[in-house]
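Quick caveat: nothing in here was measured; it's all calculated off a predicted structure. All residue numbers in this chain count up from 1 along the given sequence.
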Amino acid sequence: MTATAGFVDVKALAVEPVGVVDGGRMIIRGTQRLFGVSLTIAAIGLWLAPGASWESDVMLFKLILSITAVIAGLGLVSASAKPRAPEVEIDTIRREVRLVRRQRGTAAEILQNCAFADLAKAEYKGSTVRLWDASGAFLAEANLSDRTAFSSLIAGLRDVGKLA
């Protein structure tokens with residue numbers, strides 16, 4: 001969770017949904033991992049197969065095929081990694097909440113952006129604030145230990161009428 005007042009490029013939101021109840025992406029990642037490991041094992045098994053021909057033209061074909069299979073297999077295994085969990089950014093100056101996913105080597109990707117005024121519901125208990133987006137779906141839960149940031153967030157939510 002990050003409370004920030006920085007200027008973020010909001011021109012393009014992510015295409016994928018933030019939370020999915022079904023296991024579609026998990027099944028796709030598992031299938032990718034299975035094919036990746038299978039290709040790598042098949043490339044190794046190509047050299048260990050009994051009765052294989054050791055002629056030079058066949059050896060070159062086996063070498064090219066096994067290198068291609070290993071590269072494709074490792075690519076599939078690395079592509080099947082679980083994406084990082086999104087971070088919650090609460091901007092009290094712009095009065096908006098953003099879910100941002102930061103990946104290594106790429107710019108931060110904004111998954112969801114919701115202004116304080118567009119929130120369906122907000123509630124707080126102690127130092128924990130829970131926010132729901134305009135459609136009523138749970139957006140974020142923030143536990144703020146900084147008293148100034150917490151009071152600024154509560155004041156911003158009260159100003160737009162989300163807290164009593």
- Query: Going by an N to O cut-off under 4.0 Å, is there a salt bridge joining Glu89 and Arg102?
  - Reply: yes

- Task: Would you kindly confirm whether Leu46 and Val58 end up in one hydrophobic cluster when ILVMFWY residues are joined by side chain heavy atoms under 4.5 Å apart?
- Result: no

- Message: Please say yes or no: joined through hydrophobic side-chain contacts below 4.5 Å, possibly via intermediate residues, are Leu163 and Val129 part of one cluster?
- Response: yes

- Which one of Ile90, Asp91, Asp146, Thr148 satisfies the side chain to side chain contact (heavy atoms under 4.5 Å, CB included) criterion with Leu153? Ile90

- Message: Just verifying a value: how many Å separate Asn113 CG and Arg94 CZ, rounded to the nearest 0.5 Å?
- Response: 8.5 Å

- Message: Can you tell whether the side chains of Glu123 and Lys125 come within less than 4.0 Å, N to carboxylate O?
- Response: no

- Message: Check for me, please, whether Ile41 and Leu76 land in the same ILVMFWY cluster - side-chain distances under 4.5 Å, paths through other members count.
- Response: no

- Query: Given side chains that start at C-beta, do those of Val97 and Asp133 come closer than 4.5 Å, heavy atoms only?
  - Reply: no

- Item | Heavy-atom closest contact (Gly73 atom, Thr40 atom, distance) | CA-OG1, 3.8 Å

- Value for CG (Asn143) from OG (Ser127), rounded to nearest 0.5 Å, stands at 4.0 Å

- Item | Connected via hydrophobic side-chain network under 4.5 Å: Phe35 and Leu74 | no

- Note on the structure: In short, Ser66 meets Ala43 closest at the heavy-atom pair O-CB, 3.6 Å

- Tell me, please, which residues at least two apart from Asp159 pass salt bridge (charged side-chain N to carboxylate O under 4.0 Å, His left out). Arg95

- Note on the structure: Rounded to the nearest 0.5 angstrom, the CG-CD distance for Leu60 and Glu55 is 13.0 Å

- Does the side chain of Trp47 come within less than 4.5 Å of Leu63's, by heavy atoms? yes

- Item | Distance, nearest 0.5 Å, that separates CD of Glu87 from CZ of Arg101 | 10.5 Å

- Search all heavy atoms of Gly75 against all heavy atoms of Ser78 and return the closest pair with its distance. O-OG, 3.1 Å

- Inter-residue atom distance Met26.CE - Ser80.OG, 0.5 Å rounding: 13.0 Å

- Item | Test side chain to side chain contact (heavy atoms under 4.5 Å, CB included) applied to Leu131 and Val88, step by step | CA-CA 11 Å; Leu131 305 168; Val88 178; 5.9 Å; no

- Item | Arg130 to Phe138 - nearest heavy-atom pair and separation | CB-CE1, 4.1 Å

- Please round to the nearest 0.5 Å and tell me the distance separating atom NZ of Lys62 and atom CE of Met59. 5.5 Å

- Query: Is there a path of hydrophobic side-chain contacts, each under 4.5 Å between heavy atoms of I, L, V, M, F, W or Y residues, that connects Val77 with Leu39?
  - Reply: no

